[in-house]
Amino acid sequence: MMKVSRLYLKILVAFILVQAVAIAAIGGLLKMGHMRPPFARHALNRSEALQQIIGMEIDGVDTITPALHTRLDRLLTVYADAYSGQAWITNERGEVVAQSYKTPPLTGEEELDLKLTTDKGDRIYFVRKGDQGSIYAYGPLVTPMGNLTVHLLNAWITRNEEVWFMEGLALMATVAALLLIPVSRRITRPMIQMTESAQQLARGDFSPRVEARRKDEMGTLARTFNHMANSLEKMVRGGRELTANLSHELRSPLARIRVSQQIVRERLEAGRTDGVTKHVRRMEEEIDHMDSLIDQIIKLSKFDLQEPPPRDDMVDMNDMLEAAAERVKPLIGDRAVRLNQHLSPVPLYRCRRSDMRIVLDNILSNAVKYSPDQGTVDIHCDSDGEAVNIRVTNPYPALTDKELEAVFSPFRRLGYDKVEGNGLGLAFARRIVEDHDGTIRADSVSQGFAITIRLPLA
């Protein structure tokens, strides 16, 4: 059995309290007379119906005979009893010519509150006498014997109006409260999921995410939670990778420094200085290498450990590729590597210019460094309307799928120890491209090794 959440109970109790206050307020207005059901229209219908009945009864008669008087009294009595009231007819002089009562129902001491007047001359009053309330309606009736006035007075029966209205309101509130159960569960479901996911995050499991397809505030909260979980996962992963990479990559230069240090010490203890300068220089080179390596690792980790700045630069990728090609030309030296550019017009792309420069510099420098002498690096750039596509190809032996994926891992290189670098270039490029919602992949093609980047325009 599903446990009822406290939030659901709070929503339900709050809803019931609001409904109770609303019902009490409406009931009070009804009781005080500030809000009444539409009784005036009902009273007018009753009065008009009585006028029609009287008109048919005296149709063609020019005087009221004793027999007609008796029939009219009986008709008024039956009609008035049906509405728990009294009815009567007066002539032009105000004299009663027929009635259903023995004692006049109106004494003149009542308070008359006019509620409705029609073009025909009918009038509807709400009558107050102490705590009693009644409906008084009268209207003209034109006959051969002159103008008559038909009067109808009946009690205001609250059971048929106020009580019925209050019962209907209570029923509506009950149905609404029952319908609130699935609605509130739909509202609280993402919060329950977020609670369970937060507990898993606290235990170190960063995989759970919550459903974020809704368009309301709860959907916004769910998307914010997922973004937070992604950021936490990246931060923890970045911290772990930073520690692992530092410990792995610093061992080799430290070991070489230790060897050189031992050689220098042994020679100094033996009173020899030959070769000491060479080993000291090697230690300095290793220290500089370690310093550069640490700086690169920290820069790489920052992509995971902090939120990236906004992408506010509008750039032409063709211009950036041309500038990057100029910057890598010094790496060619006397190796005669050719850079062939195949650039088609592309829309402006929104990015962080400095980061995108790092991507292009790393990819082109890798392509130049790993190309054989007199090799050719082909640079393509075009757009399909949805994204900017960049493809850089250089000669290189075919790689396996596993090797093609490994080239994006930090410190993984393509097997040429003589090529300068630390294996972080493509790792940098992937982090930046993915941060721009793009994709980057490596392929073995007929021309050699290709890096393909797709950068969405929207």
Side-chain angles (χ1 to χ4, degrees), residues 249 252-253 256 260 277-297 299-300 315-343 353-381 390-399 403-404 406-433 440-453:
E249 291 301 317
S252 295
R256 290 191 291 268
S260 295
T277 302
K278 181 181 66 174
H279 287 288
V280 171
R281 189 180 301 112
R282 286 180 180 176
M283 287 191 289
E284 291 174 349
E285 292 174 354
E286 294 294 346
I287 291 172
D288 290 340
H289 172 70
M290 286 182 7
D291 184 64
S292 174
L293 187 61
I294 291 172
D295 183 60
Q296 293 295 315
I297 293 174
K299 286 182 180 179
L300 180 62
V315 303
D316 186 328
M317 294 305 299
N318 287 333
D319 293 342
M320 293 200 69
L321 282 168
E322 290 176 352
E326 288 296 323
R327 286 193 295 273
V328 300
K329 283 183 178 179
L331 297 176
I332 297 175
D334 56 358
R335 297 170 52 226
V337 175
R338 295 186 301 276
L339 298 178
N340 291 340
Q341 301 183 40
H342 313 275
L343 309 180
R353 182 189 298 270
S354 59
D355 287 352
M356 200 53 61
R357 173 174 172 168
I358 293 174
V359 172
L360 300 182
D361 285 351
N362 287 340
I363 292 175
L364 293 183
S365 62
N366 274 355
V368 169
K369 288 189 294 186
Y370 286 96
S371 293
D373 294 350
Q374 299 182 353
T376 300
V377 175
D378 290 306
I379 305 171
H380 295 264
C381 182
I390 300 171
R391 184 180 179 90
V392 178
T393 307
N394 64 282
Y396 196 81
L399 299 175
E403 290 172 331
L404 289 172
V407 298
F408 294 105
S409 300
F411 309 108
R412 295 299 298 271
R413 304 173 69 188
L414 294 177
Y416 285 96
D417 294 335
K418 64 180 180 179
V419 177
E420 294 183 359
N422 48 36
L424 290 173
L426 292 182
F428 263 117
R430 168 173 276 187
R431 297 289 175 85
I432 294 173
V433 169
I440 181 172
R441 73 173 192 271
D443 299 288
S444 289
V445 295
S446 58
Q447 299 90 342
F449 178 80
I451 291 290
T452 305
I453 300 175

Query raised in the report: For Asp378, which residues count as a salt bridge (Lys or Arg N to Asp or Glu O under 4.0 Å) partner, sequence neighbours excluded?
Result: none

Report task. Nearest 0.5 Å please: distance from the CD1 atom of Ile363 over to the CG atom of Asn394. Result -> 11.0 Å

Requested in this report: Could you tell me the separation between the CG atom of Leu343 and the CD atom of Glu322, rounded to the nearest 0.5 Å?
Outcome: 5.5 Å

Query raised in the report: Which heavy atom in Ser365 sits nearest to a heavy atom in Asn362, and how many Å separate them?
Result: OG-O, 3.0 Å

Query - Interatomic distance, Ile432 atom CD1 to Arg357 atom CZ [nearest 0.5 angstrom] - result: 12.5 Å

Report summary line: Residues at least two apart in sequence or cross-chain that pass side chain to side chain donor-acceptor pair (under 3.5 Å) with Lys329, listed by chain then number, are Glu326

Query raised in the report: Rounded to the nearest 0.5 Å, what separation is found between the CD1 atom of Ile440 and the CG atom of Leu426?
Result: 6.5 Å

Requested in this report: Apply side-chain contact (heavy atoms from CB on, under 4.5 Å) to Thr393 and Val377, showing your working.
Outcome: CA-CA 6 Å; Thr393 307; Val377 175; over 6 Å; no

Query raised in the report: Val407 and Glu403: side-chain contact (heavy atoms from CB on, under 4.5 Å), yes or no, with the steps?
Result: CA-CA 6 Å; Val407 298; Glu403 290 172 331; 5.7 Å; no

Report summary line: Rounded to the nearest 0.5 angstrom, the OG-CG distance for Ser371 and Leu339 is 8.5 Å

Requested in this report: Could you check if a side-chain atom of Val359 sits within less than 4.5 angstrom of a side-chain atom of Arg430, using non-hydrogen atoms only?
Outcome: no

Report summary line: Quick note, ring-ring contact (aromatic ring centres under 6.0 Å, His included) partners involving residues 322-342, not counting sequence neighbours, are His342-His380

Mind listing the side-chain donor-acceptor pairs of residues 442-452 below 3.5 Å, one per line with the distance, residues two or more places apart or on another chain?
| from | atom 1 | to | atom 2 | distance (Å) |
| --- | --- | --- | --- | --- |
| Asp443 | OD2 | Arg441 | NE | 2.8 |
| Ser444 | OG | Leu399 | N | 2.9 |
| Thr452 | OG1 | Arg391 | NH1 | 3.0 |

Report task. Taking salt bridge (Lys or Arg N to Asp or Glu O under 4.0 Å) as the test, write out the residues that go with Arg353, two or more places apart. Result -> none

Query raised in the report: Measuring from Ile379:CD1 to Asn340:CG, what's the distance to the nearest 0.5 Å?
Result: 8.5 Å

Query raised in the report: Tell me, which pairs form a salt bridge (charged side-chain N to carboxylate O under 4.0 Å, His left out) where one or both residues lie in residues 330-340, sequence neighbours left out?
Result: Arg335-Asp373

Report task. Could you walk me through whether Val337 and Thr376 pass side-chain contact (heavy atoms from CB on, under 4.5 Å), step by step? Result -> CA-CA 6 Å; Val337 175; Thr376 300; over 6 Å; no

**Report entry** Exercise: identify the closest heavy-atom pair between Pro395 and Gly375
**Finding:** CG-CA, 4.4 Å

